[in-house]
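All remarks here apply to the structure that follows.
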Protein chains: 2
Amino acid sequence: MQSMAREDYLKSLWKLGSKNVANQELANHLGVTPASATNMIQKLSKEGLVDYIPYKGASLTGKGVKEALSVVRRHRLLESFLSKTLGLSREDLHVEAERLEHALSKELEHEIAKYLGNPIRDPHGHPIPGPNGEIYTNDDLLLSKSPINESLMIRQVPDSNSEILAWLEFNGMVPGAQIIIVSKNQFDGGMAANINNKIIHISTTVSNLVYVSIE
Amino acid sequence: MQSMAREDYLKSLWKLGSKNVANQELANHLGVTPASATNMIQKLSKEGLVDYIPYKGASLTGKGVKEALSVVRRHRLLESFLSKTLGLSREDLHVEAERLEHALSKELEHEIAKYLGNPIRDPHGHPIPGPNGEIYTNDDLLLSKSPINESLMIRQVPDSNSEILAWLEFNGMVPGAQIIIVSKNQFDGGMAANINNKIIHISTTVSNLVYVSIE
DNA sequence: GATATAATTTAGGCATGCCTAAACTTTATA
DNA sequence: TATAAAGTTTAGGCATGCCTAAATTATATC
């Protein structure tokens, strides 16, 4: 059984990608000092949850990934559960799930998954790992890298930036919505797109946070 | 904001009654050594949450009661919520709520209360304190002290003894059920009662844990 | 009322996980 | 390539909250 702090470290490492994560990047993401991060990484390394090369960064081992995905699963199931039952807004879900995820037992996790029909995506469209870490929905495309003049479906929006989330919501860019890129900017991932028969301008920042699929 | 440990101490003090609680009793209830209990009580005393006389025990101050009731409210709302949404059995509710209660934000507490229609009792029939600690349902009678040959309604069953809970459930002694005491034992609170047209024998232990109201 | 027993508190330790400041690597720049 | 800057680690501390063992106080018994 992992402590909350350990679970947070594992989850952050997972979110920061499968690459070697720099100490500072990890510390920043968790809101702790680099010294604290080093300390915990060394512990997790001794336990075989992360691969660690001093001064070079850390990454999750297979065992670490499994633990991380268990936290992610709990988080996303909770978001789905709170969305379905209480109808919380996409903006509020994340912060509540963040608090509860560490306190969810295996049994309750299972009950919630059953109640929801073992969902594969959460309300932001993010994949919900299975009880053993399986992820089924890996083929979504980054909006900034998607083809022009094709009918696309919004698949994933971010979960933790409520400003961007509110903007997306306001413009109808929610999971399940249809969108067609009508033009792309010359030098970056910015674009103009047609959604609900309105043309909106989407910044690089946003188009790099939204995933779509080709219909 | 209280830590989980502090919240557990406050809740235990509240559950153990408005009397002065002996150190050992508190330590037992929390599964902690007497030395640990003394230590925490002294901290809580310094913060004005408990009245403490060395060697004589401790009791909650007004401020302490309010904090304790906030934890109890969260616990009972969670039990109600998990019961309504997931249909967890009365036996499972307690242990799950026990884990989650410390992680429930004020906002989510409010949303859950709203969703449930601001209930006054949880699935065990226990009163749910209001957001400011108000308790409305204080007039239930202990079954062991209730009159014979009167139509009674079961109001409260225990939440944490799953053996007794299972027995009660099996015999139809759940909140809302009707019961008539047909005879009382000579020397203790044991009794025979009619429930669903069956006569069952109820031990003192049980009749001291169940509350009823006169219909 | 003295004394044995039980309850409580104090003293000293330990694990977790955070911090700052100083020492040490690595990387970037002149 | 030497050196400055940036990033990382070590060392030493602190708060929380638990423990055991020893000292103290209260209670029960003779």
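Computed from a prediction, not measured in an experiment: that's the story for all the values here. So you know, we letter chains A, B, ... as the sequences are listed, proteins then strands, and number each from 1.
Taking only side-chain nitrogens and oxygens, A:Y9 comes nearer than 4.0 Å to OP1 or OP2 of C:dC18. Remark: A:S3 is not in phosphate contact with C:dT16, judged by side-chain N or O atoms under 4.0 Å from OP1 or OP2. The side chain of A:T33 contributes an N or O atom lying less than 4.0 Å from OP1 or OP2 of C:dC19.
Taking the six-membered ring where the residue is Trp, the centroids of A:H124 and A:H94 are separated by 6.0 Å or more.
Note: NZ (A:K43) to P (C:dT16) measures 6 Å, nearest angstrom. One can place CD of B:E7 at 15 Å from P of D:dT16, the figure rounded to the nearest angstrom. If you measure from atom CZ of B:R6 to atom C1' of D:dA15, you get 10 Å, rounded to the nearest angstrom. In this structure, B:H102 atom NE2 and D:dG17 atom P are separated by 11 Å, rounded to whole Å. Spacing between atom CG of A:D8 and atom C1' of C:dG17 amounts to 12 Å, rounded to whole angstrom units. As rounded to whole Å, 12 Å separates atom C1' of C:dA15 from atom CE of A:M40. Regarding A:K46, its NZ atom lies at a distance of 13 Å from the P atom of C:dA15, rounded to whole Å. In this entry the distance linking CG of B:L30 with P of D:dC19 reads 10 Å, nearest Å.
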I need a per-nucleotide contact map over nucleotides 5-10 of chain D, read 5' to 3'. Cutoff is protein heavy atoms under 4.0 Å; write B for the base, S for backbone only, - otherwise.
--BBBB
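A donor-acceptor pair under 3.5 Å links the side-chain atoms of A:S207 to the main chain of A:T204, judged by distance alone.
Here the side chains of B:V210 and B:S144 are not in contact, with every heavy-atom distance at 4.5 Å or above. At a threshold of 4.5 Å between non-hydrogen side-chain atoms, the residues B:R6 and B:K43 count as touching.
A salt bridge does not link B:D122 to B:R90: none of the charged side-chain nitrogens sits closer than 4.0 Å to a carboxylate oxygen. Between A:E109 and A:K106 there is a salt bridge, with a side-chain nitrogen of the basic residue lying less than 4.0 Å from a carboxylate oxygen of the acidic one.
Contact between A:L82 and B:L108 at its shortest, heavy atoms only, is CD1-CD2, 4.1 Å.
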